[in-house]
Amino acid sequence: MSEERSLNFLEEIVEEDIAAGKNGGRILTRFPPEPNGHLHIGHAKSICLNFGLALKYGGKTNLRFDDTNPTKEETEYVDSIKEDVKWLGFEWAHELYASDYFDKLYDFAVTLIKKGMAYVDDSSAEEIAAQKGTPTEPGIPNQYRSRGIEENLALFAEMKAGKYPDGAKVLRAKIDLAAPNMHLRDPLMYRIKHAHHHRTGDKWCIYPMYDFAHGESDAIEEITHSICTLEFIPHRDLYNWFIEKLEIFPSKQYEFARLNLNYTVMSKRKLLQLVEDKHVEDWDDPRMPTISGLRRRGYTPASIRDFCDRIGVAKRENMIDVSLLEFCIREDLNKTAWRRMVVLDPIKMIITNYPEAQTETMFSENNPEAEGGEGGRELPFSNELWIEREDFMEEPPKKFFRLGIGLMVRLKSAYIVKCDSFTKDASGNVTEIYCTYIPESKSGNDTSGINVKGTIHWVSVPHAKTAEVRLYDRLFRVEDPSNEDGDFKEYLNPDSLQILPKAYIEADLAKAIPGKGYQFIRKGYFTLDKHSTADKLIFSRTVTLKDGWKTP
RNA sequence: UGCCUGAUAGUAUAAUGGUAGUACGACGGUUUUUGGUACCGUUUGUCUAGGUUCGAAUCCUGGUCGGGCAACCA
């Protein structure tokens, strides 16, 4: 245990707080999504941070739904968020909702009114915006700001009772209309919304704003470290103001830079557009950066946690290269995925000196990375094989370690073959390749003394089964679609999905287990798609193998 | 033009006044019945100008550049 990894700035803060005996060394974080959409890889960073910090320092983490805006939130999203957090491998201490605190929040508001620190404003949204001034000009108070405490109390009670229509009145904190921080210019605390809430139903027609709900919820739960993203920095003064004036538990807010990944978009709004405009199948389309999309694509929870660990945490804007995500999933799958042979783009090889009706059983291990190969499976071999079209060239370049006239390769787990000739159709496409095999070169007891550079995969023609294979590429053609001119959708990659209707798979793959990753030798990692059936197998490519081969 | 933030290889991240390190990427090599894996090597960096100091990525001052802030969203 000599490994000393340096701490990120949040870990440093936590360690300092523990050393100082703050909160008796107790650590409680929270992950606070609004249930208005599906979680994506950016949320995974926040989840790993909040849960990871608590785990590391013997604390706990609450899952709290920030459901203060009933018009946007749905139970469906609550369920999907819970599923995703669990799938990532984290357990929350308590499942909580900001809406659980609506009564307390109402009382907090009354407290501030009584202290003369909040008032009911009858102005319209436009008027309030105009009266707020601009970053360089102070705002100006209106006539409602000086309303008496009793009147405010009565009006606020009437707002709650449903006496007023949406937008007629709001409750505002009385702070400072000339504050340099715009968020302190008498921010809204409550607005009227006669809307049905996914949990509280029709009990309420006034709902607290984020700023009046979040810090207070943190305080109610006695959250010690409230971690959020950079754009909330200007809210921190307000967060602290409410806590101080209400004299409640002093939770502290800390901010980190959100994750940006290149060649994709991360905003809920944009992801929603991709779904609605049918550029992708759904939220869990394997090309989406959503947790459900990554899951369907074949990413494992461990690989995503590892990724979040490797990207680090800091306060500067960042753009992470997807190659790191791909590295993480390859590293995980390389150790666990069973190897199988699949020919994606087939061409027939005929072994002219192998008996026509003969079948021979070869053996191949499941995983060369694992102790003992984790067992293996039998592979029927015959004189007719499907091989990959790209493994043969009419005029091979110098370092092409595959097939061409006179060239030899090893058929994985079988014999070495030598290419003798080939046939073409009328339009010049190669149709069949003729080879001779070396009987003494059988895998496992090769006495031929022949060394070949290349090994290729194959599937016996009479024994092959078929499957549809879907190959995915990055969703966008440019690194940062949101930052390009015009609509981000103009930069979609038209070739992000390639469907191969008929690939030849080795028979064993008919038993493929949903959710498990397989390495199709030399072709990448694949997993069963959710639409796959026994009659029609469908495999999706999670990621390619790293490919060092470049045509000279 | 106000306030708040931030700036270290291509991308991230560390060094907390004392040798600028790590990972991914790229490039090259060794091993290999996957052009995978593993292993080894190479490459490239402190935004800028001053100052403090024996010594500055780190502290100070000015500038430059990036991000955020004027939702009855979170």
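Because only heavy atoms are used, hydrogens play no part in the values below, and waters and symmetry mates are left out as well, while side chains stay in. Every chain is numbered from 1 and lettered A, B, ... according to where its sequence line falls, protein lines coming before strand lines.
With rounding to whole Å, A:Asn8 atom CG is found 19 Å from B:rA23 atom P. If you take CE of A:Met319 and C1' of B:rA12, they are 12 Å apart, rounded to a whole angstrom. For the pair A:Lys315 NZ and B:rG67 P, the computed distance is 18 Å after rounding to whole Å. At whole-Å resolution of the value, CG in A:Asp547 and C1' in B:rU37 are 14 Å apart. Rounded to a whole Å, the CG atom of A:Leu259 is 16 Å from the P atom of B:rU11. In this structure, CZ of A:Arg185 is placed 9 Å from C1' of B:rC3, rounded to the nearest angstrom. Here B:rG35 presents its P atom at 11 Å from CD of A:Glu390, a figure rounded to the nearest Å. Straight-line distance from the CE atom of A:Met182 to the P atom of B:rU5: 17 Å, rounded to whole Å.
Looking at the side chain of A:Thr455, the nearest of the listed nucleotides B:rA71, B:rU37, B:rU34 is B:rU34. Proximity note for A:Arg339 (side chain, C-beta onward) versus B:rG36, B:rG25, B:rU13: the nearest is B:rG36. Here the side chain of A:Tyr210 is nearest to one of B:rU37, B:rU34, B:rA74, namely B:rA74. Here the side chain of A:Phe327 is nearest to one of B:rU5, B:rA12, B:rG25, namely B:rG25. Taking the side chain of A:Lys546 as heavy atoms from C-beta on, and the options B:rU13, B:rU37, B:rA74, the nearest nucleotide is B:rU37. Here the nucleotide nearest the side chain of A:Ile311, chosen from B:rA12, B:rU11, B:rU34, is B:rA12. Residue A:Arg410 has its side chain nearest to B:rU33 when only B:rG67, B:rC69, B:rU33 are considered. In the set B:rC72, B:rA74, B:rA71, the nucleotide with an atom closest to the side chain of A:Ala129 is B:rA71. For A:Ile320, the listed nucleotide lying nearest its side chain is B:rA12; candidates were B:rA70, B:rA12, B:rU34.
The side chain of A:Arg522 contributes an N or O atom lying less than 4.0 Å from OP1 or OP2 of B:rG35. Dashed line: the shortest gap from a side-chain N or O of A:Arg191 to OP1 or OP2 of B:rA74 is under 4.0 Å. Contact annotation: A:Lys193 reaches the phosphate of B:rC73 (side-chain N/O to OP1 or OP2, under 4.0 Å).
In summary, of the residues considered (A:Arg410, A:Glu360, A:Lys442), a side-chain hydrogen bond (donor to acceptor under 3.5 Å, both in side chains) with A:Tyr415 occurs for A:Glu360 alone. Just one of A:Arg172, A:Arg145, A:Gln131 meets the side-chain hydrogen bond (donor to acceptor under 3.5 Å, both in side chains) condition when paired with A:Asp186; it is A:Arg145.
With a 3.5 Å ceiling on both atom-pair distances, the Watson-Crick or G-U wobble partner of B:rU61 is B:rA49. Using the Watson-Crick or G-U wobble rule with both distances under 3.5 Å, B:rG66 pairs with B:rU5. Pairing partner, B:rA20: none, since no Watson-Crick or wobble contact has both distances short of 3.5 Å. In a base pair of the Watson-Crick type (N1 to N3 plus N6-O4 or O6-N4) or a G-U wobble (N1-O2 and O6-N3), with each distance short of 3.5 Å, B:rG35 is matched with no nucleotide. When both distances must be under 3.5 Å, the Watson-Crick or G-U wobble mate of B:rC72 does not exist. When Watson-Crick and G-U wobble pairs are counted only if both distances are under 3.5 Å, B:rA56 pairs with no nucleotide at all. Using Watson-Crick or G-U wobble geometry with both donor-acceptor distances under 3.5 Å, B:rC27 finds its partner in B:rG41.
Backbone-only contact: A:Leu324 has heavy atoms under 4.0 Å from sugar-phosphate atoms and none from a base. No contact: A:Thr229 has no heavy atom under 4.0 Å from any strand. Using a 4.0 Å heavy-atom distance criterion, A:Gly444 is classed as a base contact. Using a 4.0 Å heavy-atom cutoff across all strands shown, A:Gln519 reaches at least one base atom of the nucleic acid. At a threshold of 4.0 angstrom between heavy atoms, the contacts of A:Arg402 include nucleobase atoms, whether or not backbone atoms are also involved. Note on A:Thr68: only backbone sugar-phosphate atoms sit closer than 4.0 angstrom, heavy atoms only; bases stay farther off. Heavy atoms of A:Glu34 sit under 4.0 angstrom from primed sugar atoms or phosphate atoms, though from no base atom. Note on A:Lys335: nothing from the nucleic acid sits closer than 4.0 angstrom, heavy atoms only. Across all strands, A:Phe401 comes closer than 4.0 Å to base atoms (heavy-atom distances). Among the protein residues, A:Val452 comes within range of no part of the nucleic acid, since none of its heavy atoms lies under 4.0 Å from any strand. Residue A:Asn69 is classed as a sugar-phosphate contact, given heavy-atom separations below 4.0 Å to backbone atoms only. Within the nucleic acid shown, A:Pro368 comes within 4.0 Å of at least one base atom, counting heavy atoms only. The residue A:His183 sits close only to the backbone: its heavy atoms come under 4.0 Å of sugar-phosphate atoms, none of a base. Across all strands shown, A:Ala314 has heavy atoms under 4.0 Å from sugar-phosphate atoms exclusively, and none from any base.
If you check distances only, the side chain of A:Thr136 never reaches the base of B:rU1 with a donor-acceptor pair under 3.5 Å. No donor-acceptor contact under 3.5 Å links the side chain of A:Glu255 to the base of B:rG68.
The structure places CD1 of A:Ile320 at 9.5 Å from CG of A:Leu325, a figure rounded to the nearest 0.5 Å.
Here the separation of B:rA49 from B:rA56, taken at their C1' atoms, is 15 Å to the nearest Å. Using C1' as the reference atom, B:rU48 and B:rC73 are 40 Å apart when rounded to the nearest Å. Using atom C1' as the reference point in both B:rC4 and B:rG45, the two lie 28 Å apart (nearest Å). Spacing of P atoms, B:rG41 relative to B:rU34, comes out at 24 Å, to the nearest Å. B:rA15 and B:rA57 have their P atoms separated by 15 Å, given to the nearest Å.
Residues A:Asp166 and A:Lys193 are not paired through a salt bridge, judged by the lack of any N-O separation under 4.0 Å between the basic side chain and the carboxylate. Under a 4.0 Å N-O distance rule, the pair A:Asp67/A:Lys72 does not qualify as a salt bridge. With respect to A:Arg310 and A:Glu331, a salt bridge is recorded, a charged nitrogen being found less than 4.0 Å from a carboxylate O. The residues A:Arg30 and A:Glu221 are annotated as not salt-bridged, no charged nitrogen and carboxylate oxygen being separated by less than 4.0 angstrom.
Taking the ring axis of A:Phe488 as reference, the NZ or CZ atom of A:Lys270 stays within 45° of it and closer than 6.0 Å to the ring centre. For the pair A:Lys412 and A:Trp458, the cation-pi criterion (under 6.0 Å, within 45° of the ring axis) is not fulfilled.
The residue among A:Asn181 and A:Pro208 whose nearest nucleotide of RNA chain B is located toward the 5' end is A:Asn181. Comparing A:Arg330 and A:Ser441 along RNA chain B, the residue whose closest nucleotide (by nearest heavy atom) sits nearer the 5' end is A:Arg330.
The minimum heavy-atom distance linking A:Met189 with A:Ala173 is given by the pair SD-N, 3.6 Å.
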